[in-house]
S.K.: 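To start, I am sharing the structure in question, which I have written as structure tokens.
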Amino acid sequence: MKPTNLSPIRVGLLGIGTVGSGTYNVLQRNQEEIRRRAGRGIEITMVADLDVARAKAAVGAGVQVVDDARKVVTSPDVDIVIELIGGYGIAKQLVLEAIEAGKHVVTANKALLAVHGTEIFAAAHRKGVMVAFEAAVAGGIPIIKALREGLTANSIQWIAGIINGTTNFILSEMRDKGLDFDVVLKEAQRLGYAEADPTFDIEGVDAGHKVTLMSAIAFGIPVQFDKAYVEGITGLAAQDIRYAEQLGYRIKLLGITKRAANGIELRVHPSLVPAKRLIANVEGAMNAVVVQGDAVGTTLYYGKGAGSEPTASAVIADLVDIARLHTADPEHRVPHLAFQPDAMSDLPVVPMSEVVTSYYLRLKVADEAGVLAKVTGILASAGISIDAVLQREADEVGGEGSTHTDLIILTHECQEAKMTGALAQMQALPTVLAPITRIRKEELA
Ligand code: NDP
Ligand code: HSE
């Protein structure tokens, strides 16, 4: 059922938690300006949440609150469904049912789209409805709009982003305040930054979901989270953050996608970034995304990547887009993934073993003559050249009379498989006393 131009567009909200309540509040607060921008009012008329009492307390008297989200997706009085429940379970069924019922969908659910996006976008295309997801990547930063529309002239070369606020908050607080990992994670949860399951944040999965979506839009490939390389921050030690600083770098959890000779790189892992880069100085829960396009050069997008109202800002931008575009011929709308569905590329995602990058290595070694020569000999015979070496005094590392020390090596670029082979050989040396730490290094030049 199509509303007239004059009547407000009616929105059903699924899940009124952190982002849902922010969306309701911002829409209420700014309704007059939003109406002037959209050309008509946008009203949340129906809300579904498991906690009906809490939901009723969060909204005005004119809003119908139900505990069964299906009532919203099937209601003839709802034009747009906002899915803010999260996860791949009930959220997937509800989104597909809403599409089937001919409703446009707005979602912040990157997990759902990175894993089931192909099915969801195909269903939306068949029904001629929009699935908008600005809030799914980098919270309040309009990066989807930038990639899909603002940079549409460019052949994108690479994207590198701090796209998980929780982990950036943890790394910043650990570095600046010397706080423990677990303490900072609890604070991130309290502030509403973390996912329902915070292992998604700290193991890099959430950033993997987001970079998968950006990669699809940038390179016109299907969403394929299953091919992404994902490594989080749980293996990072405080001394690596310190050593990186001494070498002029910061450690950041980066989501990277890059056009390479053999396909598209798609990876998330902690990375050393030169301290002089703007992105290296993005702190706390802030996000930043660097996009390199062939025509525009380097562009940087910065802002709040998580939290109630910053994320609501992106959700409402999608609502306004839909309010403006829903009467347009579906063929003339911006495609969900920027490229026309019949013009997608089959470029493969490059296996991690074939990715070329440079490395930071930390070896705990016996403090005796010849150790450095053996280690550098292994790297040389693998064809890996060294950029810098930092060897700490044993006393400084292990206390007075210590018989071990830390050896830090920065390498030039080499293929991951070569480095993995060399690491296995170094690890087998009797003078290497603990598992070697390997962190990739990105110059982002
Ligand atoms: P919350 O957990 O705060 O909110 C989810 C809400 O959905 C809760 O109120 C929950 O109720 C309700 N809910 C759960 N199951 C159902 C159901 N079957 N029917 C109706 N309501 C239900 O999550 P967030 O607001 O933080 O996140 C929502 C989405 O936004 C997620 O996909 C998340 O990844 C994404 N996102 C979040 C950001 C953030 O900063 N928080 C930023 C960007 C994206 P109950 O509490 O009773 O379980
Ligand atoms: N848990 C996510 C983060 C929320 O910390 O970035 C925003 O997507």
Side-chain angles (χ1 to χ4, degrees), residues 167-187 202-203 231-253 269-276 280 283 357-414 416 418-442:
T167 45
N168 203 51
F169 180 70
I170 292 173
L171 292 176
S172 299
E173 295 286 284
M174 283 174 72
R175 190 181 61 114
D176 295 345
K177 301 187 184 155
L179 294 173
D180 284 342
F181 188 100
D182 293 340
V183 172
V184 192
L185 173 58
K186 283 212 174 72
E187 180 63 0
I202 60 179
E203 297 297 356
E231 183 185 316
I233 62 165
T234 46
L236 277 182
Q239 72 255 47
D240 293 316
I241 297 175
R242 269 202 320 276
Y243 290 145
E245 293 266 327
Q246 289 166 18
L247 289 158
Y249 292 85
R250 297 267 168 86
I251 298 181
K252 295 289 181 190
L253 184 72
H269 49 72
S271 309
L272 268 75
V273 180
K276 64 186 175 200
E283 304 293 1
T357 186
S358 51
Y359 296 88
Y360 160 103
L361 307 176
R362 175 172 54 83
L363 297 85
K364 181 178 176 185
V365 293
D367 186 28
E368 55 189 60
V371 174
L372 179 61
K374 283 200 184 107
V375 167
T376 54
I378 290 171
L379 289 170
S381 58
I384 301 170
S385 72
I386 292 173
D387 181 25
V389 175
L390 180 69
Q391 188 165 7
R392 312 307 302 166
E393 292 295 330
D395 288 356
E396 208 182 293
V397 174
E400 207 177 314
S402 172
T403 56
H404 64 86
T405 189
D406 283 343
L407 182 60
I408 319 297
I409 299 173
L410 297 184
T411 75
H412 288 295
E413 286 191 335
C414 71
E416 176 100 355
K418 258 190 194 177
M419 178 52 79
T420 303
L423 279 173
Q425 287 181 54
M426 291 188 274
Q427 195 67 72
L429 292 171
T431 44
V432 173
L433 307 175
I436 300 170
T437 297
R438 168 225 334 234
I439 306 176
R440 297 166 190 91
K441 184 161 79 69
E442 301 293 331

S.K.: Any side-chain heavy atom of R250 within less than 4.5 Å of one from L171?
M.R.: no
S.K.: Out of curiosity, L253 CG to S271 OG, how far, rounded to the nearest 0.5 Å?
M.R.: 7.5 Å
S.K.: Out of curiosity, I233 CD1 to F181 CZ, how far, rounded to the nearest 0.5 Å?
M.R.: 4.0 Å
S.K.: Examine the side chains of T357 and E442 and answer whether a donor and an acceptor come within less than 3.5 Å of each other.
M.R.: yes
S.K.: Going through the checks in order, is the side-chain contact (heavy atoms from CB on, under 4.5 Å) test met by V184 and K177?
M.R.: CA-CA 10 Å; V184 192; K177 301 187 184 155; over 6 Å; no
S.K.: Salt bridge check: are R175 and E283 linked by an N-O gap of less than 4.0 Å?
M.R.: yes
S.K.: Below 4.5 Å, heavy atoms only, C-beta onward: do V432 and L407 meet side chain to side chain?
M.R.: no
S.K.: Walk me through it: do E173 and V183 pass the test side-chain contact (heavy atoms from CB on, under 4.5 Å)?
M.R.: CA-CA 10 Å; E173 295 286 284; V183 172; over 6 Å; no
S.K.: Given 3.5 Å as the limit, does a donor-acceptor pair link the side chain of T431 with the main chain of V365, or not?
M.R.: no
S.K.: So which atom in P270 and which in G232 form the shortest heavy-atom distance, rounded to 0.1 Å?
M.R.: CG-O, 3.2 Å
S.K.: Under the ring-ring contact (aromatic ring centres under 6.0 Å, His included) test, which residues partner Y249, sequence neighbours left out?
M.R.: none
S.K.: How about L272 and L410: do any of their side-chain heavy atoms sit closer than 4.5 Å?
M.R.: yes
S.K.: Would you say that M419 contacts S358 through its side chain, given a criterion of any heavy-atom pair below 4.5 Å between the two side chains?
M.R.: no
S.K.: If you count the non-hydrogen atoms of other residues, nucleotides and ligands that lie under 6.0 Å from CD in E400, is the total more than 12?
M.R.: no
S.K.: For the residue pair A422 and A382, what are the closest heavy atoms and their distance?
M.R.: CB-CB, 4.2 Å
S.K.: Between the side chain of Q427 and the main-chain N/O of L433, is any donor-acceptor distance below 3.5 Å?
M.R.: no
S.K.: How many angstroms lie between atom CD of Q246 and atom CG of L390, to the nearest 0.5 angstrom?
M.R.: 6.0 Å
S.K.: Tell me, do L429 and I378 make a side-chain contact under 4.5 Å, heavy atoms counted?
M.R.: yes
S.K.: Any carboxylate oxygen within less than 4.0 angstrom of a Lys/Arg side-chain nitrogen, looking at E413 and R440?
M.R.: no
S.K.: Any salt bridge (Lys or Arg N to Asp or Glu O under 4.0 Å) pairs touching residues 358-376, not counting sequence neighbours?
M.R.: D240-R362
S.K.: Nearest 0.5 Å, please: how far is CD1 in I170 from CG in D182?
M.R.: 8.5 Å
S.K.: Is the shortest side-chain heavy-atom distance between D387 and K441 below 4.5 Å?
M.R.: yes
S.K.: Supply the atom-to-atom distance E416 CD to L423 CG, rounded to the nearest 0.5 angstrom.
M.R.: 8.5 Å
S.K.: Decide yes or no on side-chain contact (heavy atoms from CB on, under 4.5 Å) for R438 and L361, but give the supporting numbers first.
M.R.: CA-CA 5 Å; R438 168 225 334 234; L361 307 176; 4.0 Å; yes
S.K.: Is there side-chain contact between I409 and Y359, with at least one heavy-atom pair below 4.5 Å?
M.R.: no
S.K.: Are R392 and Q239 packed together at the side-chain level, in the sense that at least one heavy-atom pair is separated by less than 4.5 angstrom?
M.R.: no
S.K.: CD1/I439 to CD1/I251 distance, rounded to the nearest 0.5 angstrom?
M.R.: 4.0 Å
S.K.: Please report the shortest heavy-atom distance between I202 and T167, naming the atom on each side.
M.R.: CA-CG2, 3.8 Å
